[in-house]
Number of protein chains: 2
Amino acid sequence: MEGPDAVGGRAARPTLRQVAAEAGVSLKTASRVLNGHPHVSDATAARVRGAADALGFRLNRIARELRSGATSTSVGLIISDLANPFYSRIARGAERVLRASGLQLVTASTDEDSTQERSLVEELLERRVRALLVVPSGTDHAYLEPEHGRTPVVFLDRPPVRLAVDTVLVDNRAGARAGVAHLLRAGHRRIGFVGDLSRLATQRERMAGFADAMQAAGVLQWERYVRADSHDQATAARSTRDLLATDPAPTALFTSNNVNTAGALRALTGVPTPPALVGFDDFDLADVLGITVVGHEPEEMGRIAAERVVARLNGDDSPHRTVVLPTRIIPRGSGERAAADIR
Amino acid sequence: MEGPDAVGGRAARPTLRQVAAEAGVSLKTASRVLNGHPHVSDATAARVRGAADALGFRLNRIARELRSGATSTSVGLIISDLANPFYSRIARGAERVLRASGLQLVTASTDEDSTQERSLVEELLERRVRALLVVPSGTDHAYLEPEHGRTPVVFLDRPPVRLAVDTVLVDNRAGARAGVAHLLRAGHRRIGFVGDLSRLATQRERMAGFADAMQAAGVLQWERYVRADSHDQATAARSTRDLLATDPAPTALFTSNNVNTAGALRALTGVPTPPALVGFDDFDLADVLGITVVGHEPEEMGRIAAERVVARLNGDDSPHRTVVLPTRIIPRGSGERAAADIR
DNA sequence: TTGAAAGCGCTAACAG
DNA sequence: CTGTTAGCGCTTTCAA
């Protein structure tokens, strides 16, 4: 049941000109009707609408925006992994704010690949997104410099390198320091660190916070219990088992993000006297599992970043600023097990 | 440091024409250089590129696509909630396939609102997405009928109403039936059902599967233990507590999706002899928590739907088809607690 | 109330 | 190797 204009099984989409011809009016009149503009007689309007429906016409917003000079209403969000709840919560927070301003979120993921990051950014800019929210994977963002004063760009979660733009971060170093101090207070001295890729700024900062706390407590040889660069649950589980097999074994673990916490938990299943555990990032069901975390609000980060974007689009040209969100320890049991009680 | 064309704090973006003028060549030559086409002398090319960089030029893909008649390279995905792992896993599965075909995923969420669904669909179509992946919230999709033969549309998770298009579903009824039968086999007769909005087709089917199993087992008055329409964890927790307070209390629970399972788990925390539990949908850490589920693969659903889209775009005009993905019971302990052992 | 002509930024077709 | 002309689908003058 293809229309007469079917080409290779695909019907050609009618243009406004065809609708106008079908209705026996000029292009402009058809345009007026379909855009709800005044000064058209009811009869004419009805005829145009009838023709549009009959042909399956749908306005081409792209062409409209090109002519009217209006930019698109979409805002790009670049994250590393769509399926990581941490990023999808950022996306949700941002989407709510943007939608309230009539903007649409376009999400793309990089799989933590800096080449992908750059090409996605370029592509979105060529598509003329109004603004860009970026959780960077790359290590140099100077290529975004020419956008200054053109397209508002806000970085989230990780700071930009060689680029000055609005940024929303979490206080990683202080958060990690507090989380580890929490374990030290329970009497732990041998504390294992299970971390993600150390090329990520967030991870380096959390590692630094870990070191801060250990050094402040005068613990020696804490480096022995550091396992970094596990970017998925399986690797984190392996690192955890590896730590538990050390002699003497650590009595506590600090996991540096949600993925590593999940991996560690997997490795700890069935262990009779599991080490104490504090994880960076809160996660769903952490309360049911009784896992103490260094929590913060990804939605909040998305919300604030989106609000910056909206402000910039509304003409705010104040100097770029960096917002650092606080963390807080949420004690749920796993982080309060005393060192004396482990093994 | 705005450029000379700054308007309201925003620099105007240079056009190809301006680049050409700056480089002292024609429009077409500039176009050739910036598109990497042959037959341009190195010297000219260098001059054009220099001008482009100096002006901060970025090709306008929208205009290019308009002129070349090429449709965009984006595919729209409409889901109800970006932050529900179930949907983000669908998105990830789809994105991988699409990217491999040079297509970009554009995600938008509806918050389970059918008005939102329709307006997002219309908007994406006006933006000329190449195809549409829809997890519907609405109850009538006839408005998509004119797209037949124009834009490939694939429905996921829930079937379309009054519309014939490719669809990828999960075998909800059989899955629920099997999950409940699993509980019945462990001797349970009083089984509580904690369900999501019953206007959702998936929920009605899972409810039907629940009823199938109960009736086949000759259980009477099972309706007493049915609590539907909880769409968030808090409500599901309340329904669960309500069920546990019934006299006589159910010895087992069947939760009809990931959100309700999480809510139930929250309500069950600290209960000395918790009821047996089987949940529909697998979820992260279910293994650590020892929760028996009726599992299936959301990524797979996204992948298959995206593959249908790609096939359609490549000219496949075979009749539309519905793929129903199987589920399987993953026993992890919570669903194997015998009725005799509860209270 | 309606319409004709021009042009948004770009590429295709055809000259030079 | 380079340039000129036309036109994608639409809106914006400006005129009737």
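Only this structure's heavy atoms are used, side chains among them; waters, hydrogens and symmetry mates stay out. In the text below, chain A, chain B and the rest are named by the order of the sequence lines, each starting its count at 1.
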For the residue pair Leu169(B) and Met301(B), what are the closest heavy atoms and their distance? C-SD, 4.4 Å

Ser74(A)-Arg128(A) side chain donor-acceptor pair, cut-off 3.5 Å: no

Before accepting this row, confirm whether a basic side-chain N of the pair Glu307(A)/Arg303(A) lies closer than 4.0 Å to the acidic partner's carboxylate O. yes

Do the side chains of Arg312(B) and Asp317(B) get close enough for a salt bridge, i.e. N-O under 4.0 angstrom? no

Kindly state each residue pair satisfying ring pair (Phe, Tyr, Trp, His ring centres under 6.0 Å) with at least one member in residues 35-62 of chain A, sequence neighbours excluded. none

Qualifying residues under side chain to side chain donor-acceptor pair (under 3.5 Å), relative to Glu22(B), sequence neighbours excluded: none

May I ask you to decide whether Glu147(A) forms a salt bridge with Arg58(B), counting only side-chain N to carboxylate O separations under 4.0 Å? yes

5' to 3' contact window, DNA chain C with chain B (heavy-atom distance under 4.0 Å): dG9(C) to dA13(C)

DNA chain D: 5'-most and 3'-most nucleotides touching chain A, 4.0 angstrom heavy-atom criterion: dG9(D) to dT12(D)

Carboxylate-amine/guanidinium proximity below 4.0 Å for Glu65(A) and Arg127(A): no

Kindly state which residues belonging to residues 24-33 of chain B come within less than 4.0 angstrom of DNA chain D, counting heavy atoms of the residue only, listed by number. Val25(B), Ser26(B), Lys28(B), Thr29(B), Arg32(B)

Asp111(B): which residues meet the side chain to side chain donor-acceptor pair (under 3.5 Å) condition with it, sequence neighbours left out? none

Charged N to carboxylate O below 4.0 Å: is that the case for Glu122(A) and Arg61(B)? no

My understanding is that only residues two or more places apart in sequence, or in another chain, count here; which of them pass side chain to side chain donor-acceptor pair (under 3.5 Å) with Ser109(A)? Glu95(B)

Identify every side-chain donor-acceptor pair in residues 43-50 of chain A under 3.5 Å, counting partners at least two apart or on other chains, and give the distances.
from	atom 1	to	atom 2	distance (Å)
Thr44(A)	OG1	Ser41(A)	OG	2.5
Arg47(A)	NH1	Ala23(A)	O	2.5

Residue pairs, two or more places apart or on separate chains, that pass ring pair (Phe, Tyr, Trp, His ring centres under 6.0 Å) and touch residues 88-143 of chain A: His141(A)-Phe155(A)

Could you give the angle between the helix axes at the two ends of the helix from dT1(C)-dA16(D) to dG16(C)-dC1(D), with five pairs per end, rounded to 10 degrees? 40°

Which parts of residues 40-59 of chain B get close to DNA chain D, meaning a heavy atom less than 4.0 angstrom away? Val40(B), Ser41(B), Thr44(B)

Please tell me whether Ser137(B) and Thr110(B) have a donor and an acceptor in their side chains that are separated by less than 3.5 angstrom. yes

For Ser101(A), enumerate each residue passing the side chain to side chain donor-acceptor pair (under 3.5 Å) test, keeping only those at least two apart in sequence or located in another chain. none

